[in-house]
Enquirer: 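Got a structure for you, questions after.
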Number of protein chains: 2
Amino acid sequence: MAQTERSGCPINLTLEQLGDRWSLIVIRDMMFGNRRSFGELLAHSEEGIATNILADRLKRLTAAGLLSRAPDPAHRQKSVYSLTEASIQLVPLLAHMGAWGRRHTPVSRELSVRAELLEKGGPPLWSAFMDELRHLHLAARRPPRSVFADFQSAYEKALARRARRSKP
Amino acid sequence: MAQTERSGCPINLTLEQLGDRWSLIVIRDMMFGNRRSFGELLAHSEEGIATNILADRLKRLTAAGLLSRAPDPAHRQKSVYSLTEASIQLVPLLAHMGAWGRRHTPVSRELSVRAELLEKGGPPLWSAFMDELRHLHLAARRPPRSVFADFQSAYEKALARRARRSKP
DNA sequence: GAATACCACTTGCATTTAGCAAGCGGAAAT
DNA sequence: ATTTCCGCTTGCTAAATGCAAGTGGTATTC
């Protein structure tokens, strides 16, 4: 989708930037899954993103200032992609998408736990998460608590609960 | 975009429902512009939606339970489209899209005033607006204040301010 | 050093979606 | 009867997505 600026409405302009099938999925995976390289994003894509689409989106989002890219100091073939302040500020938007989706679409329980926590935690939790993302992606100071760790442990609990529930 | 349920993640499922170029634009126009017919949505489309896309989206959103359609009692050729509870619950999402767009995209001042009010008003204002939309679209009780009227007058003030500013 | 594996894409082709504008058929107005 | 209105539909082109093989450079293994 070309950047066409069909109108100056903020909702429209946000959609022109992010309103395709895959951009927010890439940002979600970096944000919640801490995927930072092409290979990680590809290998762990729940939705099965194609290589050409992933390459295209990483390039576009980087050009638009929503991601940044640096060489991986540990491995010369790889780049490390990071969120920028602009993409970190999408946390409330993604939280609302998660909340709406939990209510109106047939979500899987395990993949919903983060959305549930974000909804329950509200704006204070979102701010804490954004601070943590600034630490992980922008070299900001480490915040006192890890929202990320909360998400992970809730997800693992949900997986364990499911494994227990599916016992014969 | 076919409904493929590539994963059970709520963000992904929300995107599968609404993550195309036009669905949220149609919902926005119904919500904020009170456009209720095919002809109105077409004639007042700031972004110039094409007739085949509009027809397709109205059909899809209706089938998905995000819009409802009834014959227009005043005019036999027309239908009246209404938001449903599911689409009314998109207000916070659209509010956040507007807020993000105001910060990160080159918005026009006049078309941003609603987004600015929604951001300033926060969740209490969103709830009031949703109640008003339930009145307008779902025959719920009329709420005490009109958020809609606030939006309109702010928009008209911004237009007047622009007209005054462009005087030679 | 040669062979193999890894890495991030790129490519070629098919399918789907968006975009433009004329066209269609029925209803309403003149 | 003719013209206009109304909500689409259609035919065609352009753009985006999707699949899977291919490419070229780097790193590791034998």
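Note that the structure is a prediction, hence the values are computed from the model and not measured. To find a chain, count down the sequence lines: A is the first, B the second, and so on, and within it residues start at 1.
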Enquirer: Using whole Å, report how far CZ of A/Arg57 lies from C1' of C/dC9.
Expert: 15 Å

Enquirer: Test of understanding: with side chain to side chain contact (heavy atoms under 4.5 Å, CB included), list the residues that count as partners of A/Thr14, not counting sequence neighbours.
Expert: A/Leu18, B/Met97, B/Trp100

Enquirer: Taking only residues two or more places apart in sequence, or in another chain, which ones meet A/Pro123 in a side chain to side chain contact (heavy atoms under 4.5 Å, CB included)?
Expert: A/Trp126

Enquirer: Just the rounded figure in Å: distance from C1' of D/dA15 to CD of A/Glu16.
Expert: 15 Å

Enquirer: CG of A/Leu54 versus P of D/dA16: gap in Å, rounded?
Expert: 17 Å

Enquirer: OP1, OP2 of D/dA15 versus side-chain N and O of B/Arg21: anything below 4.0 Å?
Expert: no

Enquirer: Just to verify, what does B/Glu85 make a side chain to side chain contact (heavy atoms under 4.5 Å, CB included) with, not counting sequence neighbours?
Expert: B/Gln89, B/Arg134, B/Leu138

Enquirer: Assuming nearest nucleotide by heavy-atom distance, tell me which of A/Gly39 and B/Gly48 is located more 5' along DNA chain C.
Expert: A/Gly39

Enquirer: By salt bridge (Lys or Arg N to Asp or Glu O under 4.0 Å), which residues pair with B/Glu119, not counting sequence neighbours?
Expert: B/Arg102, B/Arg103

Enquirer: Which residues pass the side chain to side chain contact (heavy atoms under 4.5 Å, CB included) test with B/Asn12, sequence neighbours left out?
Expert: A/Arg21, A/Ile25, A/Arg28, A/Glu47, B/Arg6, B/Ser7, B/Cys9, B/Glu16

Enquirer: Which residues, if any, of residues 66-82 of chain A bring a heavy atom under 4.0 Å of DNA chain D?
Expert: A/Arg76, A/Gln77

Enquirer: Rounded off to whole Å, could you give me the CG-to-P distance for the B/Leu58 and D/dC8 pair?
Expert: 7 Å

Enquirer: Parallel, tilted or perpendicular, judged at 30° and 60°: which one describes the rings of B/Phe129 and B/Phe32?
Expert: parallel

Enquirer: Quickly work out the B/Ile49 CD1 to D/dG7 P distance and round it to whole Å.
Expert: 14 Å

Enquirer: Any protein N or O atoms within reach of nucleotides 10-15 of chain C? Criterion: under 3.5 Å, listing atom names and distances.
Expert:
{"from": "C/dT10", "atom 1": "O4", "to": "A/Thr51", "atom 2": "OG1", "distance (Å)": "2.5"}

Enquirer: Is the phosphate of C/dG19, meaning OP1 or OP2, less than 4.0 Å from a side-chain N or O of B/Trp22?
Expert: yes

Enquirer: CG of B/Leu15 versus C1' of D/dT17: gap in Å, rounded?
Expert: 15 Å

Enquirer: Taking CD from B/Glu40 and P from D/dC6, how many angstroms apart are they, rounded to a whole number?
Expert: 10 Å

Enquirer: How close do A/Gln17 and A/Ala64 get, counting heavy atoms only, and between which atoms?
Expert: OE1-CB, 3.6 Å

Enquirer: Do the side-chain N or O atoms of B/Arg60 get closer than 4.0 angstrom to the phosphate oxygens (OP1, OP2) of C/dT17?
Expert: no

Enquirer: Please identify each residue that fulfils ring pair (Phe, Tyr, Trp, His ring centres under 6.0 Å) with A/Tyr155, with sequence neighbours left out.
Expert: none

Enquirer: With sequence neighbours excluded, give me every ring pair (Phe, Tyr, Trp, His ring centres under 6.0 Å) pair touching residues 35-81 of chain A.
Expert: none

Enquirer: Could you check how far CG of A/Leu24 sits from P of D/dT17, rounded to whole Å?
Expert: 13 Å

